[in-house]
Amino acid sequence: MNYLPMNKLGALEVSPKVVQFGIFLPGVDSAKGYAVSVKIIHETDQYLQAAQPALVTQAHSVDPAYGDYWSGQIDLNTAPPPPGSSAFGQPGRYVYRYVIHSPTRGDIDFIIDPFSREVGVGRLSAITVGSTPYTFSANETRWKTPPLKNAIIYELMISEFRDDLDRTIRQLPYLADLGINCIEVMPVSNVLSTIDWGYDPIGYFCVAERFGKASDFQQFVDLCHQNGLAVIVDSVYGHTGGDFAYTQLYNALQNDLPNPFNGGSGDFGTLNDFSRQLTQDYYYSVNQFWLDTFHVDGFRFDDVPEYWDGPTGVGYANLVYSTYQYVKSKTGATDHYQRFFDAAGNINLIQIAEYLPSPPDILYGSYSTGTWQDGTLGAAANCAAGSPGAIEQLGLQLGLSGYPASVTANGDTLPKTGIQYIENHDHQRFICNFGTVSIDNDPDDVLLQQGDRDGNWPKVQPYLIALMTAKGTPLLSEGQEFCENYWIPGSGYGRVMLYRPVRWNYFYDNDGRPIIRLLRKLTKIRRAGTQFSDGQHYFYNDYNNFNSKGLLAFSRQAGNAFSLIVVNFTDQDQTTSFAFPTSGNYVEQIEGVRNLTGVAAGAAQTLSVPSNYGCIWTITR
C-alpha cells in the first residue's frame with residue numbers, strides 16, 4: 001500500500017489566504033464533457049439568504065497512479081467578494097463543496113471532499129484560513145504506548161461521554177484516577193447526522209464538526225498522554241455512508257462511469273472494494289495520517305468481515321500489515337514515533353479487529369494485536385439468566401482458550417490478546433440482564449426501558465471481579481463504572497440515533513458508589529499484578545465445590561505470583577474449600593478481611609465468599 005500525495009489533495013492554505021483544492025475523480029474527464037468546480041463561502045455568511053458562494057473552476061489533469069485529477073486555487077487576498085458576502089476574504093473558517101457537471105446528468109451538487117481536513121455541517125467540507133497549527137507538548141517525545149496486554153480500555157463516545165472534546169478533556173484526570181490507561185474513542189470521523197454513533201462515515205481525514213476541530217482532537221490526544229492514557233480510534237473502513245463522495249457521485253452518475261472505490265451493498269452501508277488501488281491506498285493513508293497528525297496509539301477496526309479476504313488478501317490483512325511496517329520503519333525515531341518502541345525492542349502499535357465470526361483466526365492470520373470477541377459477553381449473559389452450564393461456559397471463556405499469546409510471521413513477532421468485556425456500545429448495559437423498568441411508566445415504550453439498578457446493582461459485582469482478573473485485556477464501556485443502565489435494541493435506528501448521555505449523577509447515588517468503589521480497587525489490583533497481564537489462567541471446573549453453589553473459581557499465575565479468584569453469583573454467602581498449591585499467607589485483595597494465614601500446600605482450606613461479590617486471594621509468602 002502507498003501513501004497518497006496528500007500535499008495536493010483536499011483544501012490546503014499554500015500561502016497566506018491562498019487556498020488550493022485537489023481531488024481524484026477517476027473517469028471524470030474533461031475530454032468527455034465533464035467539468036468540476038468548488039463552491040466556497042465564509043462560515044459567517046453560510047446561512048444568510050443574500051450571501052452567495054464563490055465559484056472556483058477546477059482544472060483537469062491525469063495522475064499516473066490514480067487517473068483523473070482536478071485542482072484549482074483561489075486567492076482570497078484578491079478574489080472579488082461574491083454578492084451578499086460580509087466576511088469573504090477575511091481569515092476564519094470557510095465551508096465548501098464540489099459540483100461535478102456531467103454531460104448526461106447535469107450538475108451534481110453537494111459532493112463532499114473525501115480528502116478534507118475539516119468539515120462543516122452535513123455534506124460540507126471546511127478549511128480554516130489563517131489558522132495556527134497545534135503544537136504538541138514535549139511529553140510526546142517521552143510518552144510510551146503501553147503493551148496491549150497491560151491496558152485497561154475505556155470505550156467512550158465523545159458526545160455521550162461529555163458532549164464535546166473540551167468537556168471530555170476536563171474529565172481525563174477522572175479516567176486516570178479510575179485506573180484506566182487506554183481510551184477507545186468511538187468514531188470521530190464525519191457523518192451526516194448530528195446524533196449518530198458514527199459508523200456511516202462520509203469523511204476520514206477530519207474530526208466531525210459536532211465534536212470540535214482537528215486541533216481540539218490533537219490537544220485531546222496530547223493531554224490523554226500527559227494523563228497516562230493511550231488513545232485508540234474506532235475506524236470504519238469496510239463500508240461508507242451514502243453521502244461519502246465516491247458513493248454519492250458515482251451513484252448519481254447512474255453507471256455512466258465505474259465506481260473506482262466502492263463495491264456492492266452491505267448490511268451497514270456501501271461496501272468498499274479493496275481490490276482497487278485507490279481504496280487500498282486511501283485507507284492506508286488515513287491510518288498514517290492519524291498516526292502522524294494526531295499521534296494516536298492505534299486503531300480498533302470495525303466490522304472486519306466486510307473487507308477480510310484472507311491472510312494474504314488485499315483487504316484487511318494488507319492494511320494492518322502495511323500500517324505495522326510503516327511504524328516499524330520509524331525504529332530509532334526520537335520524535336513522537338518513539339512512543340511505539342520499548343526497551344525490550346517491542347513495537348506496541350495497537351491494532352484491534354472486530355472479527356466476531358472466529359476471533360482467534362484474525363489473530364493468527366493478520367498483524368492484528370487484539371480482537372473483540374462476544375464470547376465472554378454472551379457467556380456472562382447466559383450466566384445472569386441462570387442457563388444450565390453457563391458457569392462452565394463463562395469460566396472457560398475468561399481464559400481465552402484457543403487464543404494465541406504471540407504469532408511470528410515474516411520475521412515479526414507480535415503479541416496477541418483477546419479483548420474481554422461484558423458491555424460495549426453494541427449491546428444493552430449488563431444490568432439489563434437482571435430485569436428492566438419503563439422510564440415513563442409506559443410498558444409499550446420499550447425503546448426507553450432501562451435496567452433496574454435499584455434492585456439489582458449488587459448482581460453486576462461478581463462479573464466485574466471476574467472480568468478485571470481474567471486473561472486478556474479488559475474493556476469498560478462509558479458509565480459502566482457506576483452501573484449505567486441504558487437498554488439498546490438489537491436492530492434498527494433506535495440503536496444508533498438515540499442520544500444516550502452518560503448520567504454522571506449515577507456517580508453519586510447509592511447504586512453507583514459501590515460499583516465505582518469496587519472498580520477502583522480492581523484496576524489497582526490488576527495493574528499491580530503481573531499474573532493478571534502475563535499469567536496463566538486455570539479454571540477450576542469443579543461442580544461440587546464451586547459450580548453447584550453458584551461459584552466460579554479460577555487462578556492466575558506468573559512465576560511465584562499466584563492469585564485465586566472466586567466469585568459468587570448467588571444472593572447468599574457461600575462456603576467451600578480449596579487446596580492451595582503453595583504454602584504461605586494469602587491476602588484477600590478486595591476487602592482485606594478474609595485473609596488466610598499459615599496455609600499448607602495441598603490441604604483443604606475453608607473459603608467464605610460473600611453474596612453477589614467475590615474474593616481475590618493472592619500469596620504473600
[X] side chain to [Y] main-chain N or O, any donor-acceptor pair under 3.5 Å?
{"X": "R339", "Y": "V296", "value": "yes"}
{"X": "D297", "Y": "V231", "value": "yes"}
{"X": "D75", "Y": "A79", "value": "no"}
{"X": "T473", "Y": "L148", "value": "yes"}
{"X": "K144", "Y": "F341", "value": "yes"}
{"X": "T371", "Y": "A353", "value": "yes"}
{"X": "D273", "Y": "S275", "value": "yes"}
{"X": "Q73", "Y": "Q20", "value": "no"}
{"X": "Q58", "Y": "V56", "value": "yes"}

- Determine which pairs satisfy side chain to side chain donor-acceptor pair (under 3.5 Å) with at least one residue from residues 152-163, sequence neighbours left out, and list them in order.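 Counting only pairs at least two positions apart or across chains, the side chain to side chain donor-acceptor pair (under 3.5 Å) contacts touching residues 152-163 are Y154-E481, E155-H425, D163-Y499.
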- Do any pairs count as a side chain to side chain donor-acceptor pair (under 3.5 Å) and have a residue in residues 43-56, sequence neighbours left out, and if so which ones?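 Listed by first then second residue: H42-T44, E43-R93, D45-S85, D45-S86.
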Are [X] and [Y] ion-paired here, with the side-chain N under 4.0 Å from a carboxylate O?
{"X": "D256", "Y": "R105", "answer": "yes"}
{"X": "D63", "Y": "K8", "answer": "yes"}
{"X": "D109", "Y": "K39", "answer": "yes"}

Would you please indicate yes or no on a ring centroid separation below 6.0 angstrom for [Y] and [X]?
{"X": "F244", "Y": "Y250", "value": "no"}
{"X": "F289", "Y": "Y3", "value": "no"}
{"X": "Y326", "Y": "Y324", "value": "no"}
{"X": "H295", "Y": "F136", "value": "yes"}
{"X": "F301", "Y": "Y316", "value": "yes"}
{"X": "W504", "Y": "F482", "value": "yes"}
{"X": "W308", "Y": "F274", "value": "no"}

- Item | R276 and Y282: CA distance, side-chain angles, deciding distance, side-chain contact (heavy atoms from CB on, under 4.5 Å) verdict | CA-CA 10 Å; R276 301 182 182 275; Y282 184 89; over 6 Å; no
Rounded to the nearest 0.5 Å, what separates atom [atom1] in [X] from atom [atom2] in [Y]?
{"X": "I350", "Y": "T369", "atom1": "CD1", "atom2": "OG1", "value": "6.5 Å"}
{"X": "Y246", "Y": "F261", "atom1": "OH", "atom2": "CZ", "value": "7.0 Å"}
{"X": "Y237", "Y": "N287", "atom1": "OH", "atom2": "CG", "value": "4.0 Å"}
{"X": "C182", "Y": "L475", "atom1": "SG", "atom2": "CG", "value": "8.5 Å"}
{"X": "D68", "Y": "D29", "atom1": "CG", "atom2": "CG", "value": "5.0 Å"}
{"X": "D426", "Y": "W372", "atom1": "CG", "atom2": "CH2", "value": "6.0 Å"}

Heavy atoms only: give me the nearest [X]-[Y] pair and the separation to one decimal.
{"X": "C224", "Y": "I183", "result": "SG-CD1, 3.8 Å"}
{"X": "E209", "Y": "G120", "result": "CB-O, 3.7 Å"}
{"X": "P26", "Y": "Y66", "result": "CG-O, 3.6 Å"}
{"X": "Q248", "Y": "R123", "result": "NE2-NH1, 2.6 Å"}
{"X": "P5", "Y": "F24", "result": "CG-CZ, 4.0 Å"}
{"X": "L165", "Y": "D216", "result": "CD1-CB, 3.7 Å"}

For the residue pair [X] and [Y], establish whether any side-chain heavy-atom pair is separated by less than 4.5 Å.
{"X": "L253", "Y": "S102", "result": "yes"}
{"X": "I108", "Y": "V99", "result": "no"}
{"X": "F299", "Y": "I352", "result": "no"}
{"X": "S215", "Y": "Q218", "result": "yes"}
{"X": "I419", "Y": "I153", "result": "yes"}
{"X": "I74", "Y": "F21", "result": "yes"}
{"X": "Y98", "Y": "S37", "result": "no"}
{"X": "P114", "Y": "I23", "result": "yes"}

- Task: Tell me, with the steps shown, if Y283 and Y307 meet ring pair (Phe, Tyr, Trp, His ring centres under 6.0 Å).
- Result: CA-CA 12 Å; Y283 288 112; Y307 57 118; 7.5 Å; no
- Geometric class of the F220/F217 ring pair [parallel <30°, tilted 30-60°, perpendicular >60°]: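 Correct class here is tilted.
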If only side-chain N and O atoms count, and only distance matters, is there a donor-acceptor pair under 3.5 Å linking [Y] with [X]?
{"X": "D222", "Y": "N139", "result": "no"}
{"X": "N348", "Y": "T145", "result": "no"}
{"X": "Y284", "Y": "Q280", "result": "no"}

- Message: Whether R117 engages the ring of F115 as a cation-pi pair (distance to the six-membered ring centre under 6.0 angstrom, angle to the ring normal within 45°) should be assessed.
- Response: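 No cation-pi geometry.
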- Message: Test salt bridge (Lys or Arg N to Asp or Glu O under 4.0 Å) on D412 and K328; report intermediate values, then the result.
- Response: CA-CA 10 Å; D412 299 315; K328 184 180 177 181; 2.6 Å; yes
- Task: Check the pair E118, K213 against salt bridge (Lys or Arg N to Asp or Glu O under 4.0 Å), reporting the backbone distance first and the verdict last.
- Result: CA-CA 7 Å; E118 297 180 54; K213 304 184 295 295; over 6 Å; no
- Should V19 and I127 be marked as a side-chain contact (heavy atoms from CB on, under 4.5 Å) after you check the CA-CA gap, both sets of side-chain angles, and the distance that decides it? CA-CA 9 Å; V19 179; I127 180 173; 3.9 Å; yes
- Give a yes or no on whether N77 atom CG has more than 12 heavy-atom contacts from other residues, nucleotides or ligands under 6.0 Å away.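 Above 12, so yes.
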- Item | Residue that, paired with H336, satisfies side-chain contact (heavy atoms from CB on, under 4.5 Å) out of R142, K330, E140, H225 |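 Exactly one candidate clears the test, E140.
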- Query: Testing N272, T270, T240 for side-chain hydrogen bond (donor to acceptor under 3.5 Å, both in side chains) with T247, which one passes?
  - Reply: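 Output: one option passes, namely T240.
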- Could you go step by step and tell me if I488 and R500 meet the side-chain contact (heavy atoms from CB on, under 4.5 Å) rule? CA-CA 10 Å; I488 298 176; R500 299 180 181 91; 3.9 Å; yes
- Message: For a side-chain contact (heavy atoms from CB on, under 4.5 Å) check, start with the C-alpha distance between V36 and H101, then their side-chain angles and the critical distance, and finish with the verdict.
- Response: CA-CA 6 Å; V36 177; H101 175 78; over 6 Å; no
